[in-house]
Amino acid sequence: MVHTDTPRVRFAPAPSGWLHVGGARTALFNWLTARHGGGTFVLRIEDTDADRVTSESARGLMAALRFLGLDWDEGPDTGGPHGPYRQSERRPLYAAVADALREAGHAYEAFETPEELEAERRLARQTGLPPGYRGGHRDLTEEERAAFRARGRAPVLRLRTPDEGVASFDDVVRGRVEFAWADVSDFVIQRADGSPTYLLANPVDDLAMGIDTIARGEDLLSATPRQLLVHELLEADCLLDRALDHAGLPPRPSGPAGGSAGLRSPRFAHLPLLVGEDRRPLSKRHGSVAVDEFRRQGFLPEVLVNFLALCGWSHDGVRERFTVDELVALFSLDRVGRNPAYFDTDKLRALNGDRIRQLSDAELAERLAPCLAEADLVDSPPGAAQRRLVEGLAPLLRERIQTLAEAVPLVAWLFRETVEYDGRAVARHLRKGPAAQVLRASREALGELGEWTGPAILAALDGVAEGLGLGRGKTFQPVRVAVTGTAVSPPLPETLALLDRATVLARLRDAERLTAAPA
RNA sequence: GCCCCCGUCAUCCAGCGGCCUAGGAUCCCGGCCUUUCAAGCCGGCAACGCGGGUUCGAAUCCCGUCGGGGGCACCA
């Protein structure tokens, strides 16, 4: 082993403006690996494709990572000793590497147009041949290249792959994996416009930045041999070191292995794919897939982290509630499983509800406030009176919500001037039975009440029930519908105590007309 | 078509040759509690894809088979 004593890991997303939960899981596993080993977590933006926007679109991505608490030690905004951390700013390096690879004969110019290649692939598919590049321009002569150029064709650079032998590596989660080189066709490392492809930029930067562990999706498993090949070529003759120097970029971190020779390829851990309930890879069809959507729905970041950790990793198969600190302490990539991980939103909700029940009133109120503000129920930030109200609501809400957003319909009536009556609730609880008497008696009892507190209100309503010879159900429901407009609310007496008495009495009186209305 | 990966309750995870009449969680179904809704507590349902081996003994190892997924881009 020639790895450094503390891990250097990275999360290297293509910028897309938002963070997919799958990406978040990948980021988390890398982050946990870094934090567990007291190492360094690097954020690198892979924006080699000119068609995509850069600075702007990385913003949402970074905001989502921050929301989850996945902080990075080196990155586009924070900087660091091995930057820049945006591939679009490292073009000279890739160009230097590409040149060197070509000069050394490892890469060659290929002049086929995308259309020609597409036609070739179609043909291959029809004939049942593998669709990869057939190596048509592998050995063009200088004259042939000049001829293509003269016709105005710009070449891509392809890397020559071995014709025989096997590429093998030890994957942290899958064990030994082997590929026959004969099945790996020459691949493009530089586009016709001079930009590098992922297959070049990614391994170049991993080496240049001294990354020693790479956790990534299983979809990249079969790209690994090609990246290992690049690693190998970069190490040979100090090709990468010279290119870094040539591009004016900082030299790569030196491991404790010092001058000892040998390949310093990072170790790979290919994570099982995240799938939806239909067992297909998670996509937009499955509903929410963006971290930010889960944030808006009222999922707590520490719960998302806990849940995401469970997507592929397990500690002992029994315990599954972990704080972030516990995850940092216990996490290990070799406890990652090989089966697809089902992104089970039911389970996520259950975990979230559990966590909410652990929060103190003040903590829950704190978390609730932004959510209520987003629903326009309170100001952002809430005023002192609103804070008190939300904190008073916290204990009543705690056992009734799985996500913060679920609190909104439960308490909206407390914050609004007018009551919105639910037709079904009115029909069931106001139009039927002795609702009229109940409302009138309640209004009188509550009006005479000495103190406006939950217990006092409860006693008063019980008095009403007794006086009319009714059970609590028959009395509380009409009152509930009258005041809240719905048949479902947090416990009545305690909630009424949070509203001012005049409002409650007014609503009771207003509702009386509903009891008289014809069916 | 070729290559690679995967296969335990409905679902995820545990299991790494005997501790398994297979454990935990989510979902679902009962019951208790109850002012609605929840929460809580108690109980329940339910799995080693299939076929061959190896072994005294297999969910665990090997082979095959079937099934699922990923990849084979001038996308990452």
Side-chain angles (χ1 to χ4, degrees), chain A residues 12-16 46-49 51-52 110 112-114 117-118 121 124-133 154-158 171 173-174 177-180 182-185 187-193 195-199 201-202 216-225 270 272-273 275 277 279-281 310-321 337-351 353-354 357 396-402 406 410 425 429 458 461-462 465 471-477 479-481 484 486-493:
Chain A
S16 73
E46 306 227 319
D47 52 354
T48 55
D49 189 355
D51 293 347
R52 314 209 187 193
E112 294 95 338
T113 63
L117 291 171
E118 182 50 44
R121 268 193 295 274
R125 195 167 293 276
Q126 282 163 9
T127 4
L129 291 166
Y133 185 66
V156 299
L157 221 49
R158 277 184 191 272
D171 190 275
V173 344
R174 286 164 212 268
V177 182
E178 296 188 341
F179 291 87
D183 297 322
V184 182
S185 55
F187 57 97
V188 175
I189 57 173
Q190 189 178 58
R191 304 187 182 96
D193 67 3
S195 64
T197 63
Y198 167 81
L199 264 355
N202 181 273
R216 35 136 67 155
E218 193 208 282
D219 51 335
L220 290 168
L221 187 62
S222 50
T224 310
H270 286 95
L273 253 33
V275 298
E277 70 249 285
R279 323 284 314 134
R280 320 270 318 173
L310 262 17
C311 286
W313 173 86
S314 76
H315 174 55
D316 58 8
V318 174
R319 181 140 92 103
E320 40 186 35
R321 321 278 152 135
R338 289 166 292 277
N339 298 346
Y342 173 38
F343 192 89
D344 186 350
T345 41
D346 277 334
K347 187 151 183 169
L348 209 208
R349 292 173 56 79
L351 288 175
D354 276 3
R357 266 163 254 129
L396 306 176
L397 250 17
R398 181 157 36 226
E399 288 163 2
R400 293 176 173 73
I401 55 174
Q402 304 261 73
E406 287 173 6
L410 246 29
H429 301 289
L458 176 61
L461 292 179
D462 274 341
R472 277 181 171 176
K474 287 269 188 289
T475 32
F476 283 55
Q477 281 307 82
V479 175
R480 189 189 310 277
V481 176
T484 73
T486 73
V488 177
S489 85
L492 197 55

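In the text below, chain A, chain B and the rest are named by the order of the sequence lines, each starting its count at 1.
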> Touch check for A/Pro272, heavy atoms < 4.0 angstrom, all strands: base, sugar-phosphate only, or nothing?
Replying inline: nothing
>> Could you work out, with ring pair (Phe, Tyr, Trp, His ring centres under 6.0 Å) as the rule, every residue matching A/His429, not counting sequence neighbours?
In response: none
> What nucleotide among B/U36, B/G24, B/C74 has an atom nearest to a side-chain atom of A/Lys347?
Replying inline: B/G24
> Taking atom C1' in both B/G70 and B/C32, what distance in whole Å separates the two?
Replying inline: 49 Å
>> Looking at A/Arg174 and A/His270, would you say the former's side chain and the latter's main chain have a donor-acceptor pair under 3.5 Å?
In response: yes
> In the strands shown, is B/A25 matched to any nucleotide by a Watson-Crick or G-U wobble pair with both distances under 3.5 Å, and which?
Replying inline: B/U11
> Would you call A/Trp313 and A/Val173 a side-chain contact if the rule is heavy atoms closer than 4.5 Å?
Replying inline: no
> Any idea which heavy atoms bring A/Pro272 and A/Asn339 closest together, and the distance?
Replying inline: CB-O, 2.8 Å
> Considering residues at least two apart in sequence or located in another chain, which fulfil the side chain to side chain contact (heavy atoms under 4.5 Å, CB included) criterion with A/Asp219?
Replying inline: A/Leu273
> How close or far is atom P of B/A38 from atom CG of A/Leu396, stated in whole angstroms?
Replying inline: 16 Å
>> What's the gap between B/C66 and B/G51 when it is taken at their P atoms, as a whole Å value?
In response: 15 Å
>> Given 3.5 Å as the limit, does a donor-acceptor pair link the side chain of A/Ser314 with the main chain of A/Leu310, or not?
In response: no
>> Considering every strand and a 4.0 Å limit on heavy-atom distances, what is the contact class for A/Pro13: base, sugar-phosphate, or nothing?
In response: nothing
> Do A/Val156 and A/Phe187 touch side chain to side chain, with heavy atoms closer than 4.5 Å?
Replying inline: no
> Side-chain N or O of A/Thr48 less than 4.0 angstrom from OP1 or OP2 on B/A76?
Replying inline: yes
N/O to N/O distances under 3.5 Å, protein versus nucleotides 63-70 of chain B:
from: B/G69; atom 1: OP1; to: A/Arg280; atom 2: NH1; distance (Å): 2.2

> Counting only Watson-Crick or G-U wobble pairs whose two distances fall under 3.5 Å, which nucleotide matches B/C72?
Replying inline: B/G1
>> Looking only at the side chain of A/Asp346 (C-beta and beyond, no hydrogens), which of the listed nucleotides B/C74, B/C27, B/C3 gets closest?
In response: B/C27
> Taking only residues two or more places apart in sequence or in another chain, which ones pass side-chain hydrogen bond (donor to acceptor under 3.5 Å, both in side chains) with A/Lys347?
Replying inline: A/Glu320
> If you take all heavy atoms of A/Leu220 and A/Tyr198, which pair is closest and at what distance?
Replying inline: CD1-OH, 3.5 Å
> Closer than 4.0 Å, any side-chain N/O of A/Asn339 to the OP1 or OP2 of B/C6?
Replying inline: no
>> Of the options B/C74, B/U35, B/C37, whose atoms approach the side-chain atoms of A/Val488 most closely?
In response: B/C37
>> For B/C74 and A/Thr197 - does any side-chain N or O of the residue sit under 4.0 Å from the phosphate oxygens OP1/OP2?
In response: no
> Where the side chain of A/Glu399 is concerned, which of B/A39, B/C2, B/U35 is the nearest nucleotide?
Replying inline: B/A39
> With sugar-phosphate meaning primed atoms plus P, OP1 and OP2, does A/Ala350 contact a base, only sugar-phosphate, or nothing at under 4.0 Å between heavy atoms?
Replying inline: sugar-phosphate
>> Taking pairing as Watson-Crick or G-U wobble with both contacts under 3.5 Å, can you name the mate of B/C41, or confirm there isn't one?
In response: B/G31
>> I'd like the C1' distance from B/G43 over to B/U54, given in whole Å.
In response: 43 Å
> Roughly how far apart, to the nearest Å, are B/C45 and B/U35 at atom P?
Replying inline: 32 Å
>> Whether A/Arg349 contacts B/A38 is assessed here as follows: a side-chain N or O lying under 4.0 Å from the phosphate OP1 or OP2. Is that the case?
In response: no
>> Starting the side chain at C-beta, find the nucleotide from B/A76, B/U35, B/C3 nearest to A/Asp183.
In response: B/C3
>> Could you tell me how far B/C48 sits from B/A59 if I compare only their C1' atoms? Round to whole Å.
In response: 5 Å
> Under 4.0 angstrom, heavy atoms only, what part of the nucleic acid is A/Arg398 near: base, sugar-phosphate, or nothing?
Replying inline: nothing
>> In whole Å, measure the gap between the C1' atoms of B/C41 and B/A46 for me.
In response: 22 Å
>> Distance check needed: B/A25 P versus A/Trp313 CH2, whole Å only.
In response: 17 Å
> In chain order, what residues pass the side-chain hydrogen bond (donor to acceptor under 3.5 Å, both in side chains) check against A/Arg480, with sequence neighbours excluded?
Replying inline: A/Gln477, A/Ser489
> A/Pro155 or A/Val318: which one's nearest nucleotide on RNA chain B is closer to the 5' end?
Replying inline: A/Val318
>> Can you measure A/Phe343 atom CZ to B/A25 atom C1' for me and round it to whole angstrom units?
In response: 16 Å
> Does any nucleotide pair with B/G49 by Watson-Crick or G-U wobble geometry, both distances under 3.5 Å, and what is it?
Replying inline: B/U65
> Closer to the 5' end of RNA chain B via nearest nucleotide, is it A/Asp316 or A/Leu351?
Replying inline: A/Asp316
> At their closest point, which heavy atom of A/Val188 faces which heavy atom of A/Leu199, and how far apart are they?
Replying inline: O-CB, 4.3 Å
> Is the shortest side-chain N/O distance from A/Arg400 to OP1 or OP2 of B/A38 below 4.0 Å?
Replying inline: no
> OP1 or OP2 of B/C13 sitting under 4.0 Å from any side-chain N/O of A/Arg319?
Replying inline: no
> For the pair made of CD in A/Glu406 and P in B/U36, what is the distance, rounded to whole Å?
Replying inline: 20 Å
> Picking from B/A73, B/C5, B/U36, which would you name as closest to the side chain of A/Val188?
Replying inline: B/A73
Quick test: give all pairs of protein nitrogen or oxygen and nucleotides 40-42 of chain B nitrogen or oxygen below 3.5 Å, distance rounded to 0.1 Å.
from: B/G40; atom 1: OP1; to: A/Arg357; atom 2: NH1; distance (Å): 3.4

> Between B/C12, B/C74, B/U35, which nucleotide gets closest to the side-chain atoms of A/Leu492?
Replying inline: B/U35
> Of all the choices, B/C6, B/U35, B/C74, which nucleotide is nearest to the side chain of A/Arg174 once you look at every atom?
Replying inline: B/C6
>> Nearest 0.5 Å, please: how far is CG in A/Leu117 from OH in A/Tyr133?
In response: 7.0 Å
>> Rounded to whole Å, how long is the line connecting atom CD of A/Glu178 with atom P of B/G71?
In response: 22 Å
> Please give, in whole Å, the distance from B/U11 C1' to A/Tyr342 OH?
Replying inline: 6 Å
> If you take all heavy atoms of A/Cys311 and A/Tyr342, which pair is closest and at what distance?
Replying inline: SG-O, 4.5 Å
>> Classify A/Glu112 by what it touches in the nucleic acid, base, sugar-phosphate, or nothing, heavy-atom distance under 4.0 Å.
In response: base
> Just checking A/Arg216: base, sugar-phosphate only, or nothing, at a heavy-atom cut-off of under 4.0 Å?
Replying inline: nothing
> Rounding to the closest angstrom, what is the interatomic distance between B/A47 and B/U11 at atom C1'?
Replying inline: 11 Å
>> I'd like the C1' distance from B/C12 over to B/C28, given in whole Å.
In response: 16 Å
>> Rounded to whole Å, how long is the line connecting atom CZ of A/Arg338 with atom P of B/C12?
In response: 15 Å
>> Checking contacts here: which listed nucleotide (B/C6, B/A14, B/U35) is nearest the side-chain heavy atoms of A/Ser314?
In response: B/A14
> Between B/C12 atom P and A/Leu348 atom CG, what is the distance in whole Å?
Replying inline: 16 Å
> Looking at A/Ala341 and A/Gly312, what are the two nearest heavy atoms and their distance?
Replying inline: CB-N, 3.8 Å
